[in-house]
Amino acid sequence: MLIATWNVNSVRVRISQIERLIDELKPDVLCLQETKVEDSLFPKNILIKKGYEVSCYGQKSYNGVALITRSKLEDVRLGFAGELTNDSNVESLDEQKRVISALVDGIRFINVYVPNGSSVKSEKYNYKLNWLRYLKKYLNSQSKRGEPVCMLGDFNIALEDIDIHNPEKLSGGIMATLEERKSLQDILSNRLSDVFRVFEQGTDNWSWWDYRSGAWARDKGWRIDHIYLSNDLINCSKSSAIYKKFRGNSQPSDHAPVFVDIEWPQEEDADNFDFYL
DNA sequence: ATGACTATGCCACATAGA
């Protein structure tokens, strides 16, 4: 099962590139962030014609997330309210459309677009930290169902210094403060792992390059787009990579797609298979 | 360097991104 996440920075501007990604990789699950469009204007039909189901949760101009899947989308949950049904505070948080989840082939996909935070001194930084507190509540609530989990998207946090091209200068700033990193680690705790790091331990693996200052040409990026798998799924992972070439497209998103390939559904006797060869 | 690009909304620049 091939799973991909991509911050497209406008689904309408990027739709032909999304089609190309689908034709090239044929992902089973594609999660988009920053779709920047209200649901009635989301270009669903193009994707349906390619054999996909689409569920989107968006708004005009800003934010917006979507799930695009080959298999049936089940138990779709929109916003924090979709999971935290008894929390009256989530209504105002959901004014920004940043989280959608669904069951696909028995896996709970949680597609998130974490707020950027602007700068550490900004009020938006507090909004980000509060949003992360609710993401933890969300995970705590959904984990009671015992579903295998794939939480993925644009986290707007570089977890380690090796995830930033210039940690000496940028560590401690927005997307790389101790507070943000601890918040995300706290959400992951012992239940979710960054699957990219199972296959690649080095630096210089970026998923986002600023449009400005020739960041792409100079390869000065950050790795802020992540795929987290629960322990049962980590054992099924076969590969994970950043599809860097899409950042080199003409009129690109500033993010590249990230994907993971997992063995799913699991082979019945996978452990014994080698024995019989 | 409170900058640089890019997208949106409503057609002028302001806002947001990261």
Side-chain angles (χ1 to χ4, degrees), chain A residues 5-18 31-43 56-66 92-99 111-132 135 152-181 183-184 203-226 242 244 246-258:
Chain A
T5 176
W6 191 17
N7 178 322
V8 288
N9 186 15
S10 171
V11 69
R12 288 179 291 179
V13 169
R14 232 64 68 189
I15 188 63
S16 64
Q17 292 180 49
I18 293 168
C31 299
L32 303 182
Q33 305 87 36
E34 272 208 275
T35 53
K36 293 187 170 181
V37 70
E38 56 198 278
D39 296 340
S40 63
L41 298 174
F42 193 100
C56 52
Y57 183 56
Q59 65 189 93
K60 192 190 273 196
S61 300
Y62 307 117
N63 312 312
V65 283
S92 65
L93 270 179
D94 280 341
E95 285 171 14
Q96 298 188 16
K97 313 303 182 199
R98 294 178 176 276
V99 56
N111 178 16
V112 304
Y113 174 44
V114 176
N116 168 262
S118 192
S119 77
V120 177
K121 287 171 287 187
S122 165
E123 184 48 44
K124 289 175 187 169
Y125 181 62
N126 292 324
Y127 184 91
K128 180 180 195 173
L129 294 175
N130 187 51
W131 198 93
L132 290 167
L135 184 58
L152 70 177
D154 177 0
F155 287 82
N156 272 318
I157 297 171
L159 260 189
E160 302 177 87
D161 278 353
I162 56 169
D163 298 318
I164 320 175
H165 68 267
N166 186 353
E168 295 77 19
K169 186 183 167 193
L170 299 167
S171 186
I174 194 66
M175 302 195 291
T177 66
L178 198 56
E179 251 177 329
E180 289 165 284
R181 286 171 169 177
S183 298
L184 184 48
T203 187
D204 292 310
N205 289 290
W206 319 130
S207 68
W208 172 77
W209 296 257
D210 201 314
Y211 284 127
R212 301 167 294 184
S213 312
W216 168 248
R218 298 187 295 129
D219 197 27
K220 303 291 185 187
W222 297 57
R223 195 178 70 90
I224 54 177
D225 300 88
H226 309 147
I242 299 167
K244 192 176 171 181
F246 266 60
R247 183 61 179 79
N249 289 348
S250 63
Q251 205 177 9
S253 167
D254 45 354
H255 296 252
V258 181

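As a basis for the values below, the full set of heavy atoms in this structure was taken, side chains included, without hydrogen atoms, waters or symmetry mates. Order of the sequence lines sets the chain letters (A, B, ...), proteins ahead of strands, with each chain counted from 1.
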Span that lies between the [atom1] atom of [M] and that of [N], in whole angstrom:
N	M	atom1	answer
B/dA18	B/dT2	C1'	15 Å
B/dA12	B/dA1	P	35 Å
B/dC10	B/dT6	P	23 Å

All heavy atoms of A/I164 vs all of A/A158, minimum pair found to be CG1-CB, 3.6 Å
Looking only at heavy atoms, the pair that brings A/N116 and A/K128 closest together is O-NZ, 3.0 Å
Answer yes when A/K244 and A/D219 have at least one side-chain N-carboxylate O distance shorter than 4.0 Å, and no when they do not. yes
When you check the glycosidic angle of B/dC10, does it come out syn, meaning within 90° of 0, or anti? anti
Using the test ring-ring contact (aromatic ring centres under 6.0 Å, His included), find all partners of A/Y62 that sit at least two apart in sequence or belong to another chain. none
If the sugar-phosphate is the primed atoms plus P, OP1 and OP2 and the base is the rest, what is the B/S/- string for nucleotides 12-18 of chain B, using protein heavy atoms under 4.0 Å? ----SBB
What is the distance, rounded to the nearest whole Å, between atom [atom1] of [X] and atom [atom2] of [N]?
X	N	atom1	atom2	answer
A/W216	B/dT6	CH2	P	14 Å
A/K97	B/dT8	NZ	C1'	18 Å
A/K60	B/dA7	NZ	P	19 Å

Phosphate-side-chain proximity, A/R12 and B/dA7, N/O vs OP1/OP2 below 4.0 Å: no
With sequence neighbours left out, what residues match A/R12 under salt bridge (charged side-chain N to carboxylate O under 4.0 Å, His left out)? none
Once the angle between the rings of A/F155 and A/H226 is folded into 0 to 90°, is it parallel (under 30°), tilted (30 to 60°) or perpendicular (over 60°)? parallel
Please classify the nucleic acid contact of A/S213 as base, sugar-phosphate, or nothing, using heavy-atom distances under 4.0 Å. base
